[in-house]
Amino acid sequence: MGQKVEQYFIGDAYLQMVFTDPTPLNTAIGNVTFAPSARNNWHSHYAGQVLLVTGGEGWYQEEGKPAQFLKTGDVVNIPPNVKHWHGATKDSWFVHLALTPGQTEWLEPVDDEWYNKL
């Protein structure tokens with residue numbers, strides 16, 4: 001399942017790095033597994049990010065926009081410097097591959113009050 005990540009996450013989430021070589025794409029690929037209700041903090045990526053959903057059900061939300069429900073097979077193309085978060089629904093595990101070139105800027109947690117409105 002990978003290494004448990006805690007610093008920028010609420011709930012139980014696990015990261016397994018799949019690809020870290022700088023060539024040919026210079027894009028790290030991580031397999032992230034979220035337990036039900038787990039999610040990451042608000043954050044942005046200097047070069048953007050692509051999420052490939054491989055299992056379960058989850059949420060993706062950009063600041064100022066409604067949350068998008070995600071299921072297996074969905075793809076999210078996140079533009080550079082867009083503040084967002086992603087994570088599992090309340091009652092489902094959620095797994096995605098995250099293709100992340102460049103740096104991530106971690107921000108505040110997605111609090112329970114915000115999350116529980118979904």
Side-chain angles (χ1 to χ4, degrees):
M1 190 176 308
Q3 179 180 357
K4 187 170 183 181
V5 288
E6 296 177 355
Q7 186 175 6
Y8 301 112
F9 289 75
I10 293 173
D12 293 333
Y14 303 87
L15 172 63
Q16 168 86 41
M17 291 310 297
V18 176
F19 185 82
T20 57
D21 293 344
T23 56
L25 301 177
N26 198 27
T27 298
I29 302 173
N31 185 67
V32 185
T33 301
F34 297 86
S37 294
R39 62 226 183 243
N40 52 30
N41 289 6
W42 289 99
H43 60 285
S44 63
H45 305 282
Y46 297 133
Q49 185 181 52
V50 174
L51 304 178
L52 307 171
V53 180
T54 59
E57 296 178 343
W59 295 108
Y60 166 78
Q61 186 172 26
E62 294 181 4
E63 185 177 42
K65 295 184 179 180
Q68 298 175 36
F69 176 75
L70 299 177
K71 63 188 182 319
T72 303
D74 286 344
V75 177
V76 181
N77 187 4
I78 304 165
N81 302 308
V82 169
K83 185 177 176 181
H84 67 282
W85 68 272
H86 30 106
T89 62
K90 291 180 185 75
D91 54 9
S92 176
W93 285 78
F94 179 57
V95 184
H96 65 53
L97 291 172
L99 289 69
T100 312
Q103 298 281 329
T104 299
E105 180 182 6
W106 289 103
L107 304 163
E108 70 276 8
V110 176
D111 64 38
D112 289 340
E113 184 179 351
W114 183 278
Y115 178 82
N116 288 331
K117 291 178 184 176
L118 299 175

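The figures here come from the full heavy-atom set of this structure, side chains too, leaving out hydrogens, waters and symmetry mates. Because the structure is a prediction, the values reported are computed rather than measured.
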Return the orientation label for the [X] and [Y] ring planes: parallel under 30°, perpendicular over 60°, tilted otherwise.
X: Phe69; Y: Trp59; result: perpendicular
X: His86; Y: Phe34; result: perpendicular
X: His45; Y: His43; result: perpendicular

Just verifying a value: how many Å separate [X] [atom1] and [Y] [atom2], rounded to the nearest 0.5 Å?
X: Tyr8; Y: Asn40; atom1: OH; atom2: CG; answer: 12.0 Å
X: Ser37; Y: Asn116; atom1: OG; atom2: CG; answer: 7.5 Å
X: Trp106; Y: Phe9; atom1: CH2; atom2: CZ; answer: 4.5 Å
X: Asn31; Y: Thr54; atom1: CG; atom2: OG1; answer: 5.5 Å
X: Glu57; Y: Asp74; atom1: CD; atom2: CG; answer: 10.0 Å
X: Asn41; Y: Thr104; atom1: CG; atom2: OG1; answer: 12.0 Å

Exercise. Just do the salt bridge (Lys or Arg N to Asp or Glu O under 4.0 Å) check on Asp111 and Lys117 with the steps written out, would you?
Key: CA-CA 10 Å; Asp111 64 38; Lys117 291 178 184 176; over 6 Å; no

Self-check item: Lys NZ or Arg CZ of Lys65 over Tyr60 ring: under 6.0 Å, within 45°
Solution: no

Self-check item: Flag if over 12 foreign heavy atoms under 6.0 Å of CD, Gln3
Solution: no

Quiz item: Hey, is NZ on Lys83 packed in by over 12 heavy atoms from elsewhere, all under 6.0 Å?
Solution: yes

Quiz item: Of all residues at least two apart in sequence or in a different chain, which pass the side-chain contact (heavy atoms from CB on, under 4.5 Å) check with Gln7?
Solution: none

Quick one, [X] and [Y] - any side-chain contact, counting heavy atoms below 4.5 Å?
X: Asp12; Y: Lys4; value: yes
X: Ser44; Y: Glu63; value: no
X: Val53; Y: Phe94; value: yes
X: Val76; Y: Gln49; value: no

Would you name the heavy atoms of [X] and [Y] that are closest together and state the gap between them?
X: Pro79; Y: Glu62; result: CD-OE2, 4.1 Å
X: Lys90; Y: Pro36; result: O-CB, 3.3 Å
X: Ala47; Y: Pro101; result: CB-O, 3.5 Å
X: Trp93; Y: Ala88; result: C-CB, 4.5 Å
X: Gln61; Y: Trp42; result: O-CZ3, 3.8 Å

According to a hydrophobic-cluster definition based on side-chain heavy atoms being under 4.5 Å apart (Ile, Leu, Val, Met, Phe, Trp, Tyr only), do [X] and [Y] belong together?
X: Met17; Y: Tyr14; result: no
X: Leu97; Y: Phe19; result: yes
X: Trp114; Y: Leu107; result: yes

Quiz item: Of Val18, Leu51, Leu25, Ile29, which meets side chain to side chain contact (heavy atoms under 4.5 Å, CB included) against Leu99?
Solution: Ile29

